[in-house]
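Here is the structure we will look at.
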Amino acid sequence: MTAQTLAGARLLLIIGGGVAAYKSLDLIRRLRERGSAVNVAMSAAAQRFVTPLSAEALSGRPVRTDLFAPTEHSGMGHIEYSRDADLLVVAPATADLLARMAHGLADDLATTTLLATDKRTLVAPAMNVRMWLHPATQRNVASLRGDGVLFVGPDDGEMACGEFGPGRMAEPLAIVAAVERALQSPTLLPPPPGAGPLAGRRVVVTSGPTYEPIDPVRFLGNRSSGKQGHAIAAAARAAGAETILVSGPTALADPPGVKVVKIETARAMRDATIAALPADVFVAAAAVADWRVADASAEKIKKGSGGAPALELAENPDILAEVAARRGDRPTLVIGFAAETQALIDNARAKLERKGCDLIVANSVAAGEGTFGGADNQVTIVTADGIEEWPRMSKEEVARALVMLAARKLAGST
Ligand code: CTP
């Protein structure tokens, strides 16, 4: 028997109008085999490729096709349909359907259902290769990703139209695997507003390095990748918090549902952080440059003949210390990081005191640890009450654990 990896899941499959619609019939079977209930809605175009009768036979449920059909729950089917689902799956999603989703149109059952939902949506696109690669489609995909929509495929290969390239709908089993991931991983997408242990809370996170200009082309920077800070922002949002991420230059994608403010210098990070207050939790995960060039040159410094230029440095504002010292809008929980190469715990304790924060996440950045830019982190939590060493985990796991700890501390403080 097939493993019941989707036992109890309630899925809503929206079938769009494409040749790949026939594969969606197999998808229904595969999903049900794994224990999920599958409701099906079909667009008008989908019915040109497969019949509602087939979908009905395979899903064992009535299939909806018409937004205004009087027999279909007095015209409220789209609301009820999405309310009853744990996940919406759109397969195949045509270029037209993606465009209408990206623009929030709602002129038929499929688009109305997709707009009336606060649930996650997983999309399996299928279209001609040039339609997929067209900038308009790619723009729509990018904005849907920004909204937190998940994608599976399209695959590369020969297409029904005889062309080769990306555009073929992912195979049903690949879609099933994506459904399993979407239902399992809470950080893939934020929960609906108002749910989760940080619902109703506001979290501000700094992340990444800062760049301090020497002249218009050169800067002082550091090796921070921003992975830990971005993971914390994603985890805070996944826990239901309204989340603002103040980020230095990184190569990372914006976490879904998080408001991202992009800055370059420590001073800009400080200003954006203060502007983001008030907050319940502040997490200073950024590797803020301690110094800036006192008098950055407006013109590119030429090599000339005078030898290497002497750079005079000035101290940057300490954002963590400033937030911790605020009156009136000091966050309930102020969390700092201590990146140390030696005497980790002593230095972290000293930092806790000196900066006036409530908790320090201490991690070693000694050579060979692979923390900077790496996927894992081994941290020790330092508070006035003592220390707690956490095992080596992925940065996402550290983020989730830290967010749960913050939620517990907030719950205890109110
Ligand atoms: N931090 C900050 N603003 C700064 C410097 C640091 O907000 N100008 C924050 C970091 O985000 C981190 C914590 O302070 O949460 C400690 O950063 P770290 O670089 O380890 O400490 P420093 O204060 O720079 O002290 P030192 O360089 O002496 O270790």
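In listed order, ligands and their atoms are each counted from 1.
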Discussion item. Applying the salt bridge (charged side-chain N to carboxylate O under 4.0 Å, His left out) criterion to Glu322, which one of Arg270, Arg267, Arg330 satisfies it?
Written reply: Arg270
Worksheet item: Which pair of heavy atoms, one from Val403 and one from Ile232, lies closest together, and at what distance?
Response: CG2-O, 4.0 Å
Worksheet item: Looking only at protein heavy atoms, which one is nearest to atom 4 (C) of ligand 1, and how far off is it?
Response: Val288 CB, 3.5 Å
Worksheet entry | Ion pair check, Lys351 and Glu340, cut-off under 4.0 Å | yes
Worksheet item: For Ala289 and ligand 1, does the shortest N/O to N/O distance drop below 3.5 Å?
Response: no
Worksheet item: Looking at ligand 1, does any of its N/O atoms fall within less than 3.5 Å of an N/O of Ala285?
Response: no
Discussion item. For atom 18 (P) of ligand 1, what is the closest protein heavy atom, and at what distance to 0.1 Å?
Written reply: Lys351 NZ, 3.5 Å
Worksheet item: Is the shortest distance from a Lys or Arg side-chain nitrogen in Asp26 or Lys23 to a carboxylate oxygen in the other one below 4.0 Å?
Response: no
Item to complete: Check each atom of ligand 1 against the heavy atoms of Gly336 and keep those under 4.0 Å away; list them by number with element.
Response: 15 (O)
Worksheet item: What distance separates Trp132 CH2 from Leu98 CG, expressed to the nearest 0.5 Å?
Response: 6.5 Å
Worksheet item: Any donor-acceptor pair under 3.5 Å linking the side chain of Thr380 with the backbone of Glu388?
Response: no
Discussion item. For the 3.5 Å polar cut-off, considering only N or O atoms, please tell me whether Asp290 and ligand 1 meet it.
Written reply: yes
Discussion item. Is it the case that ligand 1 has an N or O less than 3.5 angstrom from some N or O of Pro317?
Written reply: yes
Worksheet item: Counting only heavy atoms on the protein side, is anything nearer than 4.0 Å to atom 22 (P) of ligand 1?
Response: yes
Practice prompt. Give the residue, atom name and distance (to 0.1 Å) of the protein heavy atom nearest atom 17 (O) of ligand 1.
Written response: Phe337 O, 3.7 Å
Practice prompt. Test Asn377 against every option in Gln228, Lys227, Lys395 by the side-chain hydrogen bond (donor to acceptor under 3.5 Å, both in side chains) rule and name the one that passes.
Written response: Gln228
Discussion item. Can you tell me if Lys355 contacts ligand 1 (heavy atom of the residue under 4.0 Å from the ligand)?
Written reply: yes
Fill in: Contact (N/O only, under 3.5 Å) between Ala286 and ligand 1
yes
Worksheet item: Could any protein non-hydrogen atom be found less than 4.0 Å from atom 28 (O) of ligand 1?
Response: no
Worksheet item: Looking at Leu352 and Val382, what are the two nearest heavy atoms and their distance?
Response: CD1-O, 3.8 Å
Fill in: Under 3.5 Å: N/O of Ala339 near N/O of ligand 1
yes
Response to the item:
atom 7 (O) of ligand 1 sits nearest the protein heavy atom Leu320 N, 2.8 Å
Fill in: Nitrogen or oxygen atoms of Ala287 and ligand 1 under 3.5 Å apart
no
Worksheet item: Under 3.5 Å, side chain of Asp280 to main-chain N/O of Thr332, donor-acceptor pair present?
Response: no
Response to the item:
Min over Thr273, Val323, Ile319 of heavy-atom distance to atom 2 (C) of ligand 1 lands on Ile319
Worksheet item: So which heavy atom on Pro216 is nearest to which on Ala298, and how close?
Response: CG-O, 3.1 Å
Discussion item. Any nitrogen or oxygen of Arg354, side chain or backbone, less than 3.5 Å from one on ligand 1?
Written reply: no
Worksheet item: So which protein heavy atom does atom 15 (O) of ligand 1 come closest to, and at what separation?
Response: Ala284 O, 2.6 Å
Worksheet item: For the side chain of Arg218 and the backbone of Ile301, is there at least one donor-acceptor N/O pair under 3.5 Å apart?
Response: yes
